[in-house]
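Since the structure comes first, as structure tokens, the remarks are kept for the end.
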2 protein chains.
Amino acid sequence: MALEHAILVSLLERPGSGYELARRFERSIGRFWTATHQQIYRVLKRMEADGWVTAEEIGQEGRPDKRSFSVAPAGRSALVGWLRAPVQPEAVRHELAVKIRGAAFDDAAGRAALVAEVERYRATHEETLARYLAGERRDFPGPAAPDAAAALQHVVLRGGIAYERMVLAWLDDVLATLRTLDH
Amino acid sequence: MALEHAILVSLLERPGSGYELARRFERSIGRFWTATHQQIYRVLKRMEADGWVTAEEIGQEGRPDKRSFSVAPAGRSALVGWLRAPVQPEAVRHELAVKIRGAAFDDAAGRAALVAEVERYRATHEETLARYLAGERRDFPGPAAPDAAAALQHVVLRGGIAYERMVLAWLDDVLATLRTLDH
DNA sequence: TCGACCATGTAACCGGTTACATGATTCG
DNA sequence: CGAATCATGTAACCGGTTACATGGTCGA
């Protein structure tokens with residue numbers, strides 16, 4: 001249960017509305033923690049009630065009003081407390097790996113369909129990698145990051161890039177293995 | 001929702017009781033799909049009611065009886081149907097990445113504690129990699145896998161190994177970055 | 001005018017986690 | 001004699017997903 005903490009980090013990096021948070025979760029934060037806007041609004045409401053965040057009403061012309069959230073002192077100390085707690089081991093859920101082992105119990109036609117599906121899946125990871133690399137060129141062009149927040153954002157992005165490269169290499173291995181079965 | 005399917009794959013590879021399944025989820029299957037015994041018993045009950053699996057009562061001397069489950073034809077066709085459906089994109093949940101970005105909002109003492117925590121975390125991944133490599137030497141010593149099921153199990157294991165190596169390299173990057181901040 | 005985007009929510013459901021429970025055997 | 005392992009569950013809770021809802025603006 002760390003959606004609260006992911007939201008706190010994002011709001012400390014820059015205050016914003018629930019909608020803006022949802023968009024950040026689609027982009028940068030979503031690399032390592034996913035959340036839908038419904039979930040974000042619900043958690044934000046609880047965090048506001050607990051005094052972790054405060055909202056500022058911003059009237060906009062030609063746009064619906066938005067409520068911009070900032071982290072309150074209580075939220076900041078809740079985050080620091082969590083930061084210093086032990087890291088929980090990740091719960092892995094990799095559907096494709098289940099399908100690959102399951103392919104042993106399908107016929108050649110089914111395996112051919114899986115090859116096509118893995119190729120499609122591989123293309124989405126190729127796109128993700130390209131997006132990360134473009135983001136890296138845009139946000140971290142210099143030799144070293146200027147401040148702590150940027151340096152840490154960069155190392156997390158490098159983790160995403162390393163993950164995507166690993167997945168692509170593994171998917172090539174998977175495709176070669178699947179193709180060998182029905183040569 | 002694919003715990004059913006992970007169970008079907010495991011039971012097709014070898015029939016077994018709920019307890020045995022739970023142990024397999026701790027070991028091999030747990031690499032890419034985690035489940036507790038409570039969850040497994042619940043799902044198994046539903047699968048039995050749906051006719052996806054059948055149970056055989058096995059009386060054991062000096063041990064409680066066990067119910068060994070096998071995949072029924074309906075379960076097999078349910079699995080094949082699922083195998084041919086598109087792969088859902090993975091939902092990533094990486095708590096450590098949230099903490100690393102959060103470290104920008106803690107002080108030097110907090111970051112030092114995080115360094116120690118990352119080192120501990122790194123050691124657990126080192127152990128996991130060693131376990132995978134030992135399993136690979138034990139189960140796949142030859143040059144090529146004899147049958148489809150083994151070849152596919154091996155490629156999934158290679159994925160686990162590649163993942164662990166990537167994580168270890170990234171954690172070294174993280175540690176170097178954290179140490180640079182407070183030089 | 002129609003689709004895309006801005007902006008914020010409610011409600012129902014379901015799967016996963018945590019806590020609790022039982023009872024036998026084997027081994028040090 | 002106590003800890004670990006075998007073996008199977010129930011119950012409560014909570015977080016995440018899916019579906020539904022509203023209403024305005026901007027650009028093609």
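Only this structure's heavy atoms are used, side chains among them; waters, hydrogens and symmetry mates stay out. Chain A is the first sequence line, chain B the second, and so forth, proteins listed ahead of strands; every chain is numbered from 1.
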Would you kindly give the [atom1]-to-[atom2] distance between [X] and [N], to the nearest whole Å?
{"X": "H5(B)", "N": "dG15(C)", "atom1": "NE2", "atom2": "P", "answer": "11 Å"}
{"X": "E95(B)", "N": "dG15(D)", "atom1": "CD", "atom2": "C1'", "answer": "15 Å"}
{"X": "H37(A)", "N": "dA19(D)", "atom1": "NE2", "atom2": "P", "answer": "13 Å"}
{"X": "R93(A)", "N": "dC14(C)", "atom1": "CZ", "atom2": "P", "answer": "18 Å"}
{"X": "I7(B)", "N": "dG15(C)", "atom1": "CD1", "atom2": "C1'", "answer": "13 Å"}
{"X": "I40(A)", "N": "dG16(D)", "atom1": "CD1", "atom2": "C1'", "answer": "12 Å"}
{"X": "K66(A)", "N": "dC5(C)", "atom1": "NZ", "atom2": "P", "answer": "17 Å"}
{"X": "Q88(A)", "N": "dT17(C)", "atom1": "CD", "atom2": "P", "answer": "12 Å"}

For E164(A), salt bridge (Lys or Arg N to Asp or Glu O under 4.0 Å) partners two or more places apart: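 E164(A) satisfies salt bridge (Lys or Arg N to Asp or Glu O under 4.0 Å) with no other residue.
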
Non-neighbouring partners of [X] that pass side-chain contact (heavy atoms from CB on, under 4.5 Å), sequence neighbours left out:
{"X": "L79(B)", "value": "H5(B), L8(B), V9(B), L12(B), W82(B), L83(B)"}
{"X": "E127(B)", "value": "none"}
{"X": "Q88(A)", "value": "E95(B)"}

Fellow cluster residues of V92(B), listed by chain then number, with links counted only when side-chain atoms sit under 4.5 Å apart: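 Noted: V92(B) shares its cluster with no other residue.
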
Run through the side-chain heavy atoms of Ile, Leu, Val, Met, Phe, Trp and Tyr, join any pair under 4.5 Å, and report what else lands in Y41(A)'s cluster.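 Once heavy-atom contacts under 4.5 Å are chained together, Y41(A) belongs with Y19(A).
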
Start at the 5' end of DNA chain D and walk down; is the nucleotide closest to Y41(B) or to Q39(A) reached first?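 With Y41(B) and Q39(A) compared, the 5'-side residue is Y41(B).
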
Can you work out whether S68(B) or A91(B) has the more 5'-proximal nearest nucleotide on DNA chain D?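 Nearest-nucleotide comparison on DNA chain D picks S68(B).
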
Rounded (10°) bend between the five-pair end axes of the helix from dT1(C)-dA28(D) to dG28(C)-dC1(D):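 The end axes of the helix from dT1(C)-dA28(D) to dG28(C)-dC1(D) are about 40° apart, to the nearest 10°.
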
Atom pairs under 3.5 Å: protein N/O with N/O of nucleotides 11-13 of chain D:
none

Can a side chain N or O of K45(A) be found less than 4.0 Å away from OP1 or OP2 on dT8(C)?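 Answer is no, no contact under 4.0 Å.
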
I'd like to know if the side chain of W52(B) reaches the main chain of L44(B), judged simply by a donor and an acceptor atom lying under 3.5 Å from each other, with no hydrogens or angles considered.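 No, W52(B) side chain to L44(B) backbone: no donor-acceptor pair under 3.5 Å.
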
Sub-3.5 Å donor-acceptor pair from the side chain of D107(A) to the main-chain atoms of A109(A), do we have one?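 Yes, D107(A) side chain to A109(A) backbone: donor-acceptor pair under 3.5 Å.
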
Going by number, which of residues 9-31 of chain B have a non-hydrogen atom under 4.0 Å from DNA chain D?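 By residue number: S17(B), G18(B), Y19(B), R23(B).
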
Not counting sequence neighbours, list each pair that qualifies as a salt bridge (Lys or Arg N to Asp or Glu O under 4.0 Å) and has a residue in residues 173-183 of chain B.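 Pairs touching residues 173-183 of chain B that pass the test: R158(A)-D173(B), R111(B)-D182(B), E119(B)-R179(B).
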
Give me each pair satisfying salt bridge (Lys or Arg N to Asp or Glu O under 4.0 Å) with a member in residues 8-36 of chain A, each pair once, sequence neighbours excluded.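 Those involving residues 8-36 of chain A are E13(A)-R101(B), E20(A)-K66(A).
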
Pairs involving residues 98-119 of chain B, ordered by first then second residue, that meet ring pair (Phe, Tyr, Trp, His ring centres under 6.0 Å) (sequence neighbours left out):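 The answer is none; no pair qualifies.
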
